[in-house]
Amino acid sequence: MSALRRLVLALAAPAAAVGFALVTSSLILLLIGSNPLVAYGDMLEHASKLETLVDILNRATPLYVSGIAVAIAFRMNLFNIGVEGQFLLAFLVAAHAGSLVSLPAALHIAFILVVAMSVGAAYAGAAGVLKVTRGVNEVISTIMLNAIAVSGLVAWLIKEWQAGGSIGTGTTTRVGTAPIDESGLLPDLNGVLELVTRDLRPGKELTGVLVLALVVGVVYHVLVNRTVFGFDLRASGFNPFAARVGGVPPKRMIILAMSISGAVAGLVGMAELMQSGYFPSNPIQGLGYAGIAVALLGRNHPVGIAFGALIFAFLDVSSGVLQFSGAAPREIVVIMQGVIILAAVVAYEMAHRARNREEARSAAAALHEARAEA
Amino acid sequence: MPYAIELTGITKRFPGVVANEQVSLAVEVGEIHAICGENGAGKSTLMKILYGMQPADEGAIRVFDKEVHLGSPTDAIAAGIGMVHQHFMLADQLTVLENVILGAEPTRSAGRIDFARARAHLREVGQAYGLTVDPDDRVETLEVGERQRVEIIKVLFRGARILILDEPTAVLVPQEVEELFRNLRGLKSAGTTIIFIDHKLDEVLEVADTITVLRQGRSVATVKPGDVTAPDLAELMIGSELPTAQTIGVTVTDEVALEVKGLTVVEEDGRVVVDDVSLRVRRGEVLGIAGVEGNGQAELIAAIIGTAAATAGTILFLGEDVTHATVRHRREAGIGYIPHDRHREGLLLQAPLWESAALGHQTRAPFAKGLFVDRAGARERTEWVRREFDVRTPSVEVATHALSGGNQQKLIVGRELAAEPAVLLAAHPTRGIDVGAQAAVWDDMRAARAAGLATLLVSADLDELIGLSDTIAVMMRGRLVAMLDPATLTARELGAHMTGAGVRGDSR
């Protein structure tokens, strides 16, 4: 099978999923008396503005990191449902730890990142340890750990570490952890963006964590697809029994895969922390769960996940404009996200079968030729 | 004589290949009709068509003189056709009775299962066909032969008058095979028609009334067993003479490559599965392990490769104590492994071929450079294996599952031998592959033996064991109970040893 054909098959599935989601949402919009064309028009027009694009990228950044975190575990057939808890806990602890120290910029940032990754790794690693020592399914344990983290640890620690007041020179008051020194924040990318476009409206910032997210994507690709460790990881995902007799230590791999997944999950909150400098008392939620959807949509592929994150971010950001323009209820974007995921699962399976059939066909043909020659 | 089944002009095309081409087959009522052919000759496809699992592209099927359309196994069962699959489809935790009625439960009011009626019906079926099983035994406690009997009863219970058996002897020892054949003759005298797929020629000649040979999707001959010999049949099947497993010359050296001393493996539930086993394999030697499946052979191999922990005893590899070494260490040190189940332990079915070829060797050249995968090196090595071991595939990039079983097995054998191990653990190296691939694997193993490889061979194929081994150890209930010289041993004698019937070689 040619590389081109492989690519077409790979792209046809997500395209079909998005198309199907468009049709479904259109029907729903028609049913409730909205004009889908007007709604989509509003969404696209809004998204074509530079400021909205910045919003989309800012939103896509943590989604992408979250998707990569989920994907690492997925490659080993582990379901890390716990990115939500891992990232919130890591976010909070890193915010607190970062506010306690004063270091040169590079070190300060590195310190915060290491704390976040360590917390995420430890929290996810716990689920891995439970699995290999006690046989607890990681889906169950990570869901439980989410509950413990979100409504337990985070709710308690935020009270302990809370410091009110205002930040910077602004008059806005906020409630959350004590602010991190300027040295611990990543500079925004407005300068880079403005080189190629126009000046951004004041108050809009393109997050510097975007660069970090891209690095995470590249490291993910190299680690999983180019290293022996990645081979072991994927082999365990394809066939744990074969991997085991192939020398891959199964227990170690489970703990490692969960820990690395958790370490990346720990970075999800950095998009916000490195910009605002504190952990707010009402943090953004759901990024961990959205990461599962994004990884699924992106087929665990670093570029695919980027597309998935952008689509989800676009829909998230669009919900605001729909509410504003009144063209459609904003909840339609949630329906679209759900339908895209459902349709993607179906479409991927169909593409997968088509590819299998084609490969079986070519292998059988090769066998046939060899026979004919004999 | 009326026909139970008449297939005329059956053609089945899969994309790019014709699996069955104008196959015609006539099976008389009450006969045992064997279908022979290599793997890939189209036997399974033909049976799937007959059992309604796949539609034929062309051709007609008549069952008991009525043209039928079989769109699903349900249709086939309704027409009186039942199939016993090679891999048993039984629920281990349920009793024989529960398994038999599963999916065809007689019910009383409100959907309650009528166990009394089921039990009575089961007894009737058992008596009518001379098949005895205890309906209250749990399936997990049954021997392989008994499980097969449950499968047969299951099919008869549903009213089948035509029975398709897919390689029923593959999992049985000789004594169980004879028991099966007695049962089949009993079924025949009760009027059941039997279609029997096999590629062991002596068995076919023994039990069949008529033999149809398939080759490359076509029916090439229909013969009576009295008119042909095994070599004749082999020639019909593959167009050449039957390969043998015979090893030539002695290549055994004095250098011990693998030594196992007092090895004991105790399962978590306290069962002793390997009991004080000691053995030595020298360079250039093949040590065969014979035994009825489930007597500790699998666990012995697992303990040596490192996936099962040794409770006691030591394993020395080239003098090094590897009893507690990791699997990876043992593989890197030079222990090769051909698993008994290639799909479960041998391959990454969803991964490209070259990744499957790297499995077990991924930490070493040519598959790795430092911590990174050497993709070019891995592909090159896979290409080499493909050429040297005749793995038929369009490229090394196709997914592993696309290859036929024989080619997958050749890939595993090639991958292991290419790494030039000092010791090879070969568990059923030719199970379920066709005669051509089998001959190739035997050749490869012989060549490696001549080059100094120490092989520990576990096999259920007694001819293979006798043919390839320099010494045969018989394993029973976890112990090595006899050491035999294959030069003076027949398959029948070996079978007797395996079942504990003693040295005189007669189990009856």
Side-chain angles (χ1 to χ4, degrees), chain A residues 1-3 5-6 9 75-77 135 221-253 299-300 348-349 352-374, chain B residues 14-19 40 216 239 301-302 305-307 326-332 337 339 341-351 353 355-356 358-364 367-375 378 390 392-395 397-404 406-407 436:
Chain A
M1 182 164 40
S2 73
R5 194 159 163 75
R6 219 181 274 255
L9 268 178
R75 292 305 288 266
M76 222 186 113
N77 270 348
H221 171 70
V222 171
L223 182 74
V224 170
N225 294 315
R226 293 289 186 268
T227 66
V228 172
F229 173 81
F231 183 92
D232 287 354
L233 181 89
R234 286 182 296 119
S236 306
F238 284 132
N239 184 344
F241 304 103
R244 187 164 178 225
V245 300
V248 183
K251 292 183 174 179
R252 217 178 104 212
M253 281 311 289
R299 281 313 254 172
N300 303 325
Y348 285 137
E349 183 56 30
H352 179 69
R353 287 186 191 171
R355 198 159 52 233
N356 279 359
R357 269 199 305 277
E358 204 147 311
E359 282 183 340
R361 183 183 316 168
S362 66
L367 192 63
H368 218 59
E369 266 167 40
R371 282 235 174 105
E373 281 165 23
Chain B
F14 290 111
V17 63
V18 183
Q216 291 186 23
I301 295 277
I305 193 72
T307 54
T326 60
V327 178
R328 174 148 286 163
H329 176 84
R330 298 181 209 209
R331 304 224 49 172
E332 286 175 348
Y337 179 49
D341 182 338
R342 58 180 163 270
H343 284 183
R344 186 180 152 91
E345 288 198 330
L347 299 165
L348 307 175
L349 289 175
Q350 297 299 322
L353 212 56
E355 290 195 338
S356 275
L359 188 68
H361 310 274
Q362 66 263 37
T363 51
R364 283 164 286 160
F367 297 108
K369 265 188 195 155
L371 291 174
F372 289 87
V373 173
D374 183 349
R375 292 157 70 90
D390 189 30
R392 287 169 194 174
T393 170
S395 88
E397 303 294 335
V398 297
T400 309
H401 63 73
L403 267 62
S404 70
N407 284 301

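- Contact annotation for T307(B): both backbone and side-chain heavy atoms come within less than 4.5 Å of a heavy atom of chain A.
- Counting heavy-atom pairs closer than 4.5 Å to chain B, the top residue among P240(A), P250(A), A242(A) is A242(A).
- The candidate with the highest count of non-hydrogen atom pairs below 4.5 Å against chain A, out of H329(B), R328(B), R330(B), E332(B), is R328(B).
- Taking A368(B) as the reference, V228(A) meet the side-chain contact (heavy atoms from CB on, under 4.5 Å) condition, with sequence neighbours excluded.
- V373(B) places none of its side-chain heavy atoms less than 4.5 Å from the side chain of Q362(B).
- At a 4.5 Å heavy-atom cutoff, the contact between L371(B) and chain A is made by backbone atoms alone.
- The choice from Q350(B), R344(B), E345(B) that makes the most heavy-atom pairs within less than 4.5 Å of chain A is R344(B).
- In this structure, chain A has no heavy atom under 4.5 Å from any part of L349(B).
- Side chains of V224(A) and L233(A) form a contact here, defined as non-hydrogen atoms less than 4.5 Å apart.
- Interface remark: A358(B) contributes backbone and side-chain atoms alike to the contact with chain A (heavy atom separation under 4.5 Å).
- For residues 235-249 of chain A, there are no side chain to side chain donor-acceptor pair (under 3.5 Å) pairs, not counting sequence neighbours.
- Only the side chain of V222(A) comes within contact range of chain B, with heavy atoms under 4.5 Å apart.
- In this structure, F229(A) and L223(A) have side chains that are in contact, with non-hydrogen atoms separated by less than 4.5 Å.
- The shortest distance between side-chain heavy atoms of L359(B) and F231(A) falls below 4.5 Å.
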